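Worksheet: the structure to be examined is printed underneath.
Because the structure is predicted, anything quoted here is derived from the model rather than measured. In the text below, chain A, chain B and the rest are named by the order of the sequence lines, each starting its count at 1.
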Amino acid sequence: MKIITWNINSVRKRLDLLKDLLEREKPDVICLQETKVQDADFPVSFFEEVGYGNVMFQGMKSYHGVAIASPQKLAPVAKKEIGPFMAPRFIAAKLENGVRVFNFYVPAGGDEPDPEINDKFRDKLDFMESMSTWSSDIKGPVKKSVLVGDLNVAPSEHDVWSHKQLLKIVSHTPVETEALAKVMASGNWLDAVREHFGEDDELYSWWSYRSRDWKNANKGRRLDHIWMGKDLKKSLSDVAILDDVRGWDTPSDHAPISAEFKL
DNA sequence: ATGGTTGGTTACCAA
């Protein structure tokens, strides 16, 4: 089972890149964030044409939006296993092999890392708090489950280009990394990317558009994640950050991440 | 300390 997660930054803007990615990587399931399209305008026929016609999506006009697509049938996840999340930031599906896929788009949080003066940052912390409650409620360790998405937090010092310079920058502040650690602990989740690469490699999945030479400057952050329940650890066979996709023509500012399981 | 770019929408907001 191969799963890819990608903040595509407008699905309609990047159908050609998505087609190339799916043809090259042939994932069993792809999870998208920031689709930026309301459900009535979601490009369903494109997904059917490229062989990913089993597609679930929850979006809104202009902002946010998530989707899960697969060549195989997708079933809804039981209601009791779904938290009270904002629809355009969360969607879940059950694959034919029984694996549940939870796809999140955590609020970015604005610029000012102070919940007292910045409502967006408050919303981000609240969202992660509700993720912790949800993880606890569905009882960890969650069996046959994968949690993926743009979590908008770079947890460790090796997930950012400069730990010191980013400690007060939203996405890497201690209050956020602690909140994300709590989510992880609440569900006994494992970070599949770190399980594969270890703790020491510098790993990034996002590079700002506001950098002329993003590749050489390499001022990246690892905001996109694939987590797994402990029961899947022994099945994890490969992980890749597909950073070449960040260099494609008119790219998203996020790279896709891929994980393979031999179930 | 500041500004840099992109997408959706159509004036700016969100990232």
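K2(A) NZ: more than 12 foreign heavy atoms inside a 6.0 Å radius.
Both N7(A) and T250(A) lie close to DNA chain B; mapped to their nearest nucleotides by heavy-atom distance, the more 5′-ward contact belongs to T250(A). For the pair G110(A) and T35(A), nearest-nucleotide mapping onto DNA chain B gives the more 5' position to T35(A).
Within the structure, every side-chain polar atom (N or O) of H254(A) is placed at least 4.0 Å from both OP1 and OP2 of dA15(B). Using a 4.0 Å cut-off, no side-chain N or O of K13(A) falls inside it from OP1 or OP2 of dT6(B). Applying the 4.0 Å criterion to OP1 and OP2 of dA15(B), one finds that R210(A) has every side-chain N and O outside that range.
Base pairing annotation: dT2(B) forms no Watson-Crick or G-U wobble pair, as no partner gives both donor-acceptor distances under 3.5 Å. When both distances must be under 3.5 Å, the Watson-Crick or G-U wobble mate of dC12(B) is dG8(B).
Atom CH2 of W206(A) is separated from atom C1' of dG4(B) by 11 Å (rounded to the nearest Å). Distance, E34(A) CD to dT5(B) C1': 14 Å, rounded to whole Å. Between D111(A) atom CG and dC13(B) atom P the separation is 13 Å, expressed in whole Å. Between the CG atom of L15(A) and the P atom of dG7(B) there is a distance of 13 Å, rounded to whole Å. The distance from atom NZ of K124(A) to atom P of dA14(B) is 15 Å, rounded to the nearest whole Å. The CD1-P distance, from I169(A) to dT2(B), rounds to 13 Å in whole Å. Rounded to whole angstrom, the span from the CG atom of D213(A) across to the P atom of dT5(B) amounts to 14 Å. Between the CD atom of Q165(A) and the P atom of dA1(B) there is a distance of 12 Å, rounded to whole Å.
Nearest nucleotide to the side chain of R212(A), out of dT5(B), dA15(B), dG7(B): dT5(B). Distance from the side chain of Y209(A) is smallest for dT5(B) among the nucleotides dC13(B), dT5(B), dA15(B).
Spacing between dA15(B) and dG3(B) at atom C1', rounded to whole Å, works out to 15 Å. For dT2(B) and dT6(B), the P atoms lie 23 Å apart once the distance is rounded to whole Å.
D191(A) and R222(A) are joined by a salt bridge, as a carboxylate oxygen and a charged side-chain nitrogen come within less than 4.0 angstrom of each other.
If you check the side chains of D20(A) and W248(A), you find no donor sitting under 3.5 Å from an acceptor.
Ring centroid separation for the pair F102(A) and W134(A) comes in under the 6.0 Å cut-off.
Between F85(A) and F104(A), the ring-plane angle classifies as perpendicular under the 30° and 60° cut-offs.
When heavy atoms are screened at a 4.0 angstrom cut-off, R89(A) is found touching the sugar-phosphate backbone but no base atom.
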